[in-house]
2 protein chains.
Amino acid sequence: MVKNNDLNNSDKNTEKIILDAAKKVFLVKGFDGARMQEIADEAGINKALVHYYFRSKENLFDAIFKEAFQQFMPQVAEIVSSEEPLIRIIEKFSDMYTRMLLNNPHLPMFILHEINRNPEQLAEKFRSFGVKPEQLVQVFQKKCSQENYRVIDPRHLIVNLLGLCIFPFVARPIIQKLIFNNNSSEYNKFLESRKKEVAEFIINAISIKK
Amino acid sequence: MVKNNDLNNSDKNTEKIILDAAKKVFLVKGFDGARMQEIADEAGINKALVHYYFRSKENLFDAIFKEAFQQFMPQVAEIVSSEEPLIRIIEKFSDMYTRMLLNNPHLPMFILHEINRNPEQLAEKFRSFGVKPEQLVQVFQKKCSQENYRVIDPRHLIVNLLGLCIFPFVARPIIQKLIFNNNSSEYNKFLESRKKEVAEFIINAISIKK
DNA sequence: GTCTATATCGGGATAGAC
DNA sequence: GTCTATCCCGATATAGAC
């Protein structure tokens with residue numbers, strides 16, 4: 001006897017629908033720019049219903065941010081703690097990170113915006129998701145020396161790696177317009193190619209020449 | 001007979017005072033996050049007076065944006081059109097750009113935010129300030145080959161250069177907290193050091209090894 | 001749980017005195 | 001030119017019917 005539990009009515013869990021709609025709107029507009037009305041429209045329901053599920057805009061936003069964050073962090077933490085050689089870490093990071101951002105192109109701008117709007121509490125949030133930056137610095141430090149790369153402050157290396165991965169996403173609109181004739185699929189190909197390009201670029205930069 | 005023209009009263013031109021206050025607020029909060037009241041407070045005057053000088057919030061914002069832009073662009077255009085060898089261009093750009101951002105640390109986030117809020121009209125605004133990206137691509141292309149560097153898509157090179165310069169400013173709050181124990185002056189030293197570090201990094205990355 | 005209607009509030013903008 | 005007081009709208013939030 002099968003109960004039609006999961007797909008009985010069209011509502012497929014209203015809460016989830018609202019979350020998806022809110023995510024879409026908040027990610028593009030940011031907290032200040034987002035409107036509860038727009039979220040309701042996007043969800044195809046009434047504005048009051050949004051308040052019924054999440055009492056306030058802030059609550060809803062926090063839920064979205066938390067969700068986005070949980071998507072962001074775990075893989076990162078996993079990779080950087082790996083025991084592989086530096087080259088492999090850089091290759092894997094560049095590939096995985098770019099791949100993830102291709103699936104969530106608005107995430108970086110969203111998080112950057114929050115970081116600047118809310119500098120206080122963010123660091124703790126990062127740490128609570130298992131990001132151990134000082135450890136990362138040490139790991140890079142050690143690998144750099146023992147694997148015989150050019151002398152480079154590991155903090156520069158980390159910032160460079162992140163910047164090269166993230167920047168083309170947050171500056172996409174202007175770069176795409178100015179250098180890619182506003183051709184979106186061309187720009188996507190460009191981003192795809194960066195999965196390997198960024199790693200290659202960095203590895204060349206830190207390799208010792210002779 | 002000297003008239004005390006320029007420093008007669010404390011007001012030193014109210015319009016300028018408002019512009020300075022508005023710049024401070026808009027740059028940190030963005031358009032949506034900024035409040036006319038806050039701008040008035042920052043300027044030490046009344047809210048109505050702000051509306052007296054600039055009819056609307058949008059007007060005021062446009063004035064700020066234009067000003068910020070004029071500060072940003074001209075030097076850039078000048079450098080990239082120079083006839084010097086690639087290495088020198090990269091060195092000069094990294095140095096000059098970082099130096100400018102150190103003087104206007106909130107500018108990049110402000111412009112990025114606008115770029116994403118307003119993708120349509122921005123490209124034209126860039127062009128109107130003398131930025132010729134397709135020409136820049138060609139220049140880099142030519143210099144790369146004739147000066148015998150590693151084969152690299154000049155578009156990657158440009159994005160990398162910009163990303164390495166800009167990212168540490170837009171992600172400053174989180175990086176400073178997580179890697180620099182929230183020590184602001186340490187982070188400033190770090191940014192200072194990037195004037196040379198970024199150039200060195202890139203030049204190593206594109207140099208042919210043997 | 002979902003809707004309509006409405007209360008409430010904040011913030012941009014204006015009127016008018018000085 | 002600068003202020004106080006006020007208008008007015010848009011947006012968050014709540015009340016209450018169904």
*Asks:* Measure the distance from CZ on B/F31 to C1' on C/dG12 and round it to the nearest whole Å.
*Replies:*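 Whole-Å distance recorded here is 10 Å.
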
*Asks:* Which word best sums up how the rings of B/Y187 and B/F180 line up, parallel for under 30°, tilted for 30 to 60°, or perpendicular for over 60°?
*Replies:*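 Ring orientation, 0 to 90° scale: perpendicular.
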
*Asks:* Going by atom types only, do B/D41 and B/Q37 share a side-chain donor-acceptor pair under 3.5 Å?
*Replies:*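 Yes, because at least one side-chain N or O of B/D41 sits under 3.5 Å from a partner of the opposite role on B/Q37.
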
*Asks:* Please state how far atom CG in B/D32 lies from atom C1' in D/dA11, giving the value in whole angstrom units.
*Replies:*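 Spelled out: CG on B/D32 to C1' on D/dA11 is 13 Å.
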
*Asks:* Tell me, with the steps shown, if A/E186 and A/K189 meet salt bridge (Lys or Arg N to Asp or Glu O under 4.0 Å).
*Replies:* CA-CA 5 Å; A/E186 273 299 311; A/K189 276 199 272 180; 3.2 Å; yes

*Asks:* Would you classify A/A34 as touching base, sugar-phosphate or nothing, given that sugar-phosphate means primed atoms plus P, OP1 and OP2, and contacts are heavy atoms under 4.0 Å?
*Replies:*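 Sugar-phosphate, backbone atoms only, no base.
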
*Asks:* For each nucleotide in nucleotides 13-18 of chain C, reading 5' to 3', give B when a protein heavy atom comes within less than 4.0 Å of its base, S when such contact involves only the sugar-phosphate, and - otherwise.
*Replies:* BBB---

*Asks:* Whole Å only: how far is the CD1 atom of B/I17 from the C1' atom of D/dT2?
*Replies:*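 The distance from CD1 of B/I17 to C1' of D/dT2 comes to 13 Å, rounded to the nearest Å.
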
*Asks:* B/I18 CD1 to D/dC3 C1': how many Å, rounded?
*Replies:*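 Between C1' of D/dC3 and CD1 of B/I18: 13 Å.
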
*Asks:* Roughly, in whole Å, what's the span from CD in A/E38 to C1' in D/dG10?
*Replies:*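 One finds 14 Å between C1' of D/dG10 and CD of A/E38, rounded.
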
*Asks:* Taking ring pair (Phe, Tyr, Trp, His ring centres under 6.0 Å) as the test, write out the residues that go with B/F61, two or more places apart.
*Replies:*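 Testing B/F61 for ring pair (Phe, Tyr, Trp, His ring centres under 6.0 Å), a comparison that skips the adjacent residues, returns B/F26, B/F31, B/F110.
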
*Asks:* Taking atom types as modelled, is there a side-chain donor on A/N188 or A/E192 under 3.5 Å from an acceptor on the other?
*Replies:*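 No.
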
*Asks:* Nearest of D/dT2, C/dT4, C/dG1 to any side-chain atom of B/Y53?
*Replies:*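 Taking heavy atoms from C-beta onward, the closest nucleotide is D/dT2.
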
*Asks:* Suppose we screen for ring pair (Phe, Tyr, Trp, His ring centres under 6.0 Å). Which residues come up paired with B/F169, at least two apart in sequence or across chains?
*Replies:*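 Ring pair (Phe, Tyr, Trp, His ring centres under 6.0 Å) check on B/F169 returns nothing, list empty.
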
*Asks:* Quick one: B/I39 CD1 to C/dG10 C1', roughly how many Å, whole number?
*Replies:*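 Roughly 16 Å, once rounded to whole Å.
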
*Asks:* Check ring pair (Phe, Tyr, Trp, His ring centres under 6.0 Å) between A/H51 and all other residues, then give those that pass, not counting sequence neighbours.
*Replies:*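 For A/H51, no residue satisfies ring pair (Phe, Tyr, Trp, His ring centres under 6.0 Å) once neighbours in sequence are set aside.
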
*Asks:* Note down the inter-axis angle between the two ends of the helix from C/dG1-D/dC18 to C/dC18-D/dG1, five pairs each, to the nearest 10°.
*Replies:*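 Between the axes fitted at each end of the helix from C/dG1-D/dC18 to C/dC18-D/dG1 lies an angle of 10°.
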
*Asks:* Could you check A/K16, A/K23, A/K24 and say which one makes a side chain to side chain contact (heavy atoms under 4.5 Å, CB included) with A/D20?
*Replies:*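 Single side chain to side chain contact (heavy atoms under 4.5 Å, CB included) partner of A/D20 among A/K16, A/K23, A/K24: A/K16.
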
*Asks:* Can you tell me which residue pairs pass the side chain to side chain donor-acceptor pair (under 3.5 Å) test with a partner in residues 98-108 of chain A, sequence neighbours excluded?
*Replies:*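 Residue pairs passing side chain to side chain donor-acceptor pair (under 3.5 Å), neighbours aside: A/Q71-A/N104, A/D95-A/R99.
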
*Asks:* Establish, with yes or no, whether the OP1 or OP2 oxygen of C/dG10 is under 4.0 angstrom from a side-chain nitrogen or oxygen of B/R35.
*Replies:*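 Answer no for this pair, as no side-chain N or O of B/R35 is under 4.0 Å from OP1 or OP2.
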
*Asks:* Rounded to the nearest Å, what distance is computed from the CG atom of residue B/D41 to the P atom of nucleotide C/dG12?
*Replies:*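 That distance rounds to 12 Å.
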
*Asks:* Check the distance between C/dT4's P and A/N46's CG and give it to me in whole angstrom.
*Replies:*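 Atom CG in A/N46 sits about 5 Å away from atom P in C/dT4.
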
